[in-house]
Amino acid sequence: MKILSVLCSALLFSLSLSAQAGPIVIKYSHVVADTTPKGQAALKFKELAEKKLPGKVEVQVFANSQLFGDGKEMEALLLGDVQILAPSLAKFGKYTKKLQIFDLPFLFDDIDAVGRFQNSAKGRELLTSMSDKGLIGFGYIHNGMKHLSANKPLRTPKDASGLKFRIQASDVLEAQFKAVDANPQKIAFAEVYQALQSGVVDGAENPWANIYTKKFHEVQKYITESGHGVLDYMVIANDEWWNGLPADVKQGLSEAMTESIAYGNKVALEEDANFRQKVIDDKKAKLIKLTKKQRQQWREAMKPVWAKFEGDIGKDLIEAASDANKKPAKEKKHDKEKAKQDKANSH
Ligand code: SIN
């Protein structure tokens with residue numbers, strides 16, 4: 001009997017060892033569709049990580065808030081229930097005030113300026129702005145510039161007055177809509193379609209990839225191409241989990257992370273115009289283009305928000321981000337040459 005029990009214990013021990021010897025399971029969770037830039041980056045990470053570390057890691061990607069939605073994902077990461085997230089930069093308010101910079105309306109002229117700031121020393125410093133909360137940032141993934149939508153045409157700030165807008169959980173975005181006399185409502189991404197369809201809110205702000213993949217254009221009559229802000233992401237992990245990984249695994253995952261982030265950014269830059277065109281081709285919502293003067297009116301109405309958050313964010317950071325709107329000489333030259341070429345081709 002005793003021999004049998006010893007044999008059983010030995011068997012259990014060897015079974016538990018073999019269970020430990022299996023691949024490290026890494027759950028990568030996000031709230032958007034697989035076809036968006038973030039969705040594509042997550043799938044690329046899985047492909048690269050499993051290729052670089054065969055048998056050592058298994059990456060499970062959960063899209064569309066399947067595993068955790070907005071409200072729960074950060075908590076889950078800190079508890080170790082999920083290992084990698086890429087929340088929108090607007091959703092870190094509880095952990096750092098610095099990332100609020102990305103929500104300031106009309107701070108960046110376009111996505112290239114956002115990229116220049118993210119790649120600058122100040123932008124990269126922000127990747128460690130949550131280290132005291134146990135979070136490590138690997139890099140930024142673009143989605144794109146946000147555009148306003150509603151069931152009535154939005155041409156000037158007055159048109160937004162009294163309307164309810166869905167916003168992400170961001171105090172800056174709340175202030176942005178209050179600045180035009182609108183009523184912002186913080187709603188999780190998974191609930192936006194329903195909120196727009198049922199009239200819980202009248203409008204929203206989203207980049208083209210999210211509008212198209214979540215069919216927001218089917219439940220909004222008008223989209224104003226405002227480009228008034230940016231929706232990008234930071235890829236993060238729990239510091240303790242990351243630093244507890246074997247050195248070779250960490251190395252392989254770091255490489256997979258860098259390459260998948262670059263891939264996601266490439267997809268974002270290439271696909272933004274395509275998602276826009278798909279929305280237009282669907283002919284569900286009418287596209288409104290702002291005149292220079294109208295855009296300036298929105299800018300003037302929303303700009304006071306900057307001063308409200310300057311203390312939290314830091315004047316130096318806001319200046320550095322504004323500076324990113326200046327194109328480097330090399331890019332300017334390239335633009336000039338391209339314009340010349342386009343002109344010549346059109347004759
Ligand atoms: C996302 O792109 O991850 C969702 C952003 C949102 O909540 O609007």
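Just the heavy atoms: all of them, side chains too, but no hydrogens, waters or symmetry mates, feed the values below. Just so we're clear, the structure is a prediction, and the values are computed from it rather than from any experiment. Whatever order the structure lists ligands and atoms in, that order sets their numbers, starting from 1.
- Shown in contact with V31 at under 4.0 Å from a heavy atom are these atoms of ligand 1, numbered in order with element: 1 (C), 3 (O), 4 (C).
- Using a 4.0 Å cut-off between heavy atoms, T36 makes no contact with ligand 1 at all.
- Regarding atom 3 (O) of ligand 1, its nearest protein heavy-atom neighbour is K38 NZ, 2.7 Å.
- In terms of protein heavy atoms, atom 6 (C) of ligand 1 is closest to F189 CD1, 3.3 Å.
- Residue V192 does not touch ligand 1, judged by heavy-atom distances below 4.0 Å.
- Numbered from 1 in the order shown, with element, the atoms of ligand 1 that lie under 4.0 Å from a heavy atom of L231 read 2 (O), 5 (C), 8 (O).
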Considering only distance and modelled atom types, tabulate donor-acceptor pairs under 3.5 Å from the side chains of residues 192-200, sequence neighbours left out.
residue : atom : partner : partner atom : Å
S198    : OG   : Q194    : O            : 2.8

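- Checked against side chain to side chain contact (heavy atoms under 4.5 Å, CB included), Q83 has the following partners two or more places apart in sequence or in another chain: I26, K27, W241.
- With a heavy-atom cut-off of 4.0 Å, K91 touches ligand 1 through its side chain alone.
- F102 has its ring centre no less than 6.0 Å from the ring centre of F92.
- Listed by number with element, the atoms of ligand 1 under 4.0 angstrom from any heavy atom of V32 are 1 (C), 2 (O), 3 (O).
- Residue N143 has no N or O atom closer than 3.5 Å to an N or O atom of ligand 1.
- Residues L290 and Q296 fail the side-chain proximity criterion, which asks for heavy atoms closer than 4.5 Å.
- Other residues, nucleotides and ligands place no more than 12 heavy atoms under 6.0 Å from the NZ atom of K158.
- Closest heavy-atom contact between N238 and I136: C-CG2, 4.3 Å.
- A cation-pi contact links K44 to Y263, judged by a cut-off of 6.0 Å to the six-membered ring centre and 45° from its axis.
- Here the heavy atom of the protein found nearest to atom 2 (O) of ligand 1 is Y233 OH, 2.5 Å.
- For the pair L173/P184, no side-chain contact is recorded, criterion being any heavy-atom separation below 4.5 Å from C-beta on.
- At least one heavy atom of R166 sits less than 4.0 Å from an atom of ligand 1.
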